[in-house]
Amino acid sequence: MAEPQAEVARFRDYIAAFNRHDYAALIGYYHPDIVLVIGNGTQLEGRQAIVDFYSEVNDATTREIEIVQAFADGEVLAAELRSEFLALRDAPDFTSGPMARGDRLFINSFALYDLRDGLYARIRAAVFRREWRRVGQSEAAR
Amino acid sequence: MSRSPSRRELLAAGGAMLTLGPALAKAQAPQLPGTRPWFDAYLEAFNARDYAGFSAFYAPGLRFFGQAATLEGAAAVVDFYRKVHARIDEKVELLTFVSGGSARIAAELRTTLVAREDWPDFPTGALIRGQRRQSLNFAMYDIEDGRFVRIRSARFRRLDDG
């Protein structure tokens, strides 16, 4: 069992890999039996399913994840994440709702990462706040 | 004259100590803020509707971002729960606990609501008398000086709406 601080450091490396779309590196963090449940209820099982899903999402949008806070107790890591999505093209089927090119979506989420054998075996995220910034929307309208 | 205890009696006594051990440990353990026993005590008071008990965990300036309300101040949160509990039975169970030291906690909570009367404009959806609603929520607690200063809850999943 890794020390909590080491687990958090490893998590920062994981998010960095996520932000640079380094899917080969991401797979190394996932347990073979991983289950991921994202904020909209979508459930993905297995490493490849997760990578395939994010490859598709990242084809239509860019996503930058910022770690607001993260802490671990050796069995579970808890994180508050702030994600910014930018639509690179119209994405009518985007998981959180239709996006037009240039739209931005900011999501604050609370996530729990269950650890098994030093790998993420279950990842679950719940949306705390969701804020849209649509193309052409003025500052005053936000 | 006293006799020496038999092996069987010694084993029985050991078993009794093992049974009592966790309870004694819980009663005697210092409830340090941010630890599981401390948080268990908070939820125990909450589920018992011990308003003085659970509000002792709240800083006066608590900021509360719940599923049904956003509130500021410990008194406002207690007042909110008094009103809710007059019409709804609420039980909160701790499923996952992650301590971030004495300053923060993350928790997975299963909340069960049972309406004691119709509540058509309940903030998370109309309830009719007897209706049971259950959800899983992830909550983040910020702690300062041994009290919650911010509580935020995010809905992970609604389990049923029967």
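Letters A, B, ... mirror the listed sequences (proteins, then strands); counts begin at 1.
Going from atom CZ of A/F71 over to atom CE of B/M140 covers 5.0 Å, rounded to the nearest 0.5 Å. The distance from the CG atom of A/D73 to the CD1 atom of B/I105 is 11.5 Å, given to the nearest 0.5 Å.
No side-chain heavy atom of B/V98 sits under 4.5 Å from any side-chain heavy atom of A/E75.
If you measure heavy-atom distances from B/S99 to chain A, the contacts under 4.5 Å come from the backbone alone.
When hydrophobic clusters are built by joining Ile, Leu, Val, Met, Phe, Trp and Tyr residues whose side-chain heavy atoms come closer than 4.5 Å, directly or via intermediates, A/L36 is grouped together with A/Y23. Put simply, B/L113 and B/V84 are part of the same group of oily side chains (I, L, V, M, F, W, Y) that touch within less than 4.5 Å, one to the next. Grouping the Ile, Leu, Val, Met, Phe, Trp and Tyr side chains by contacts below 4.5 angstrom, directly or via other members, places A/L86 apart from A/I107. Using a 4.5 Å cut-off between side-chain heavy atoms of Ile, Leu, Val, Met, Phe, Trp and Tyr, with links allowed through other members, A/M99 and A/I65 fall into the same hydrophobic cluster.
Annotation: cation-pi geometry satisfied between B/R152 and A/F128 (NZ/CZ under 6.0 angstrom from ring centroid, within 45° of ring axis). Remark: A/R124 is positioned above the aromatic ring of B/F156, its terminal NZ or CZ atom under 6.0 angstrom from the ring centre and at most 45 degrees off the axis.
Within a 6.0 Å sphere centred on CZ of B/R129, heavy atoms belonging to other residues, nucleotides or ligands number 12 at most. Heavy-atom neighbours of B/E144 CD from other residues, nucleotides or ligands within 6.0 Å: at or below the threshold of 12.
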Worked verdict on A/V127 versus B/R155 for side-chain contact (heavy atoms from CB on, under 4.5 Å): CA-CA 7 Å; A/V127 173; B/R155 169 73 48 79; over 6 Å; no
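Among A/V8, A/V76, A/L112, the residue with the largest count of heavy-atom pairs under 4.5 Å with chain B is A/L112.
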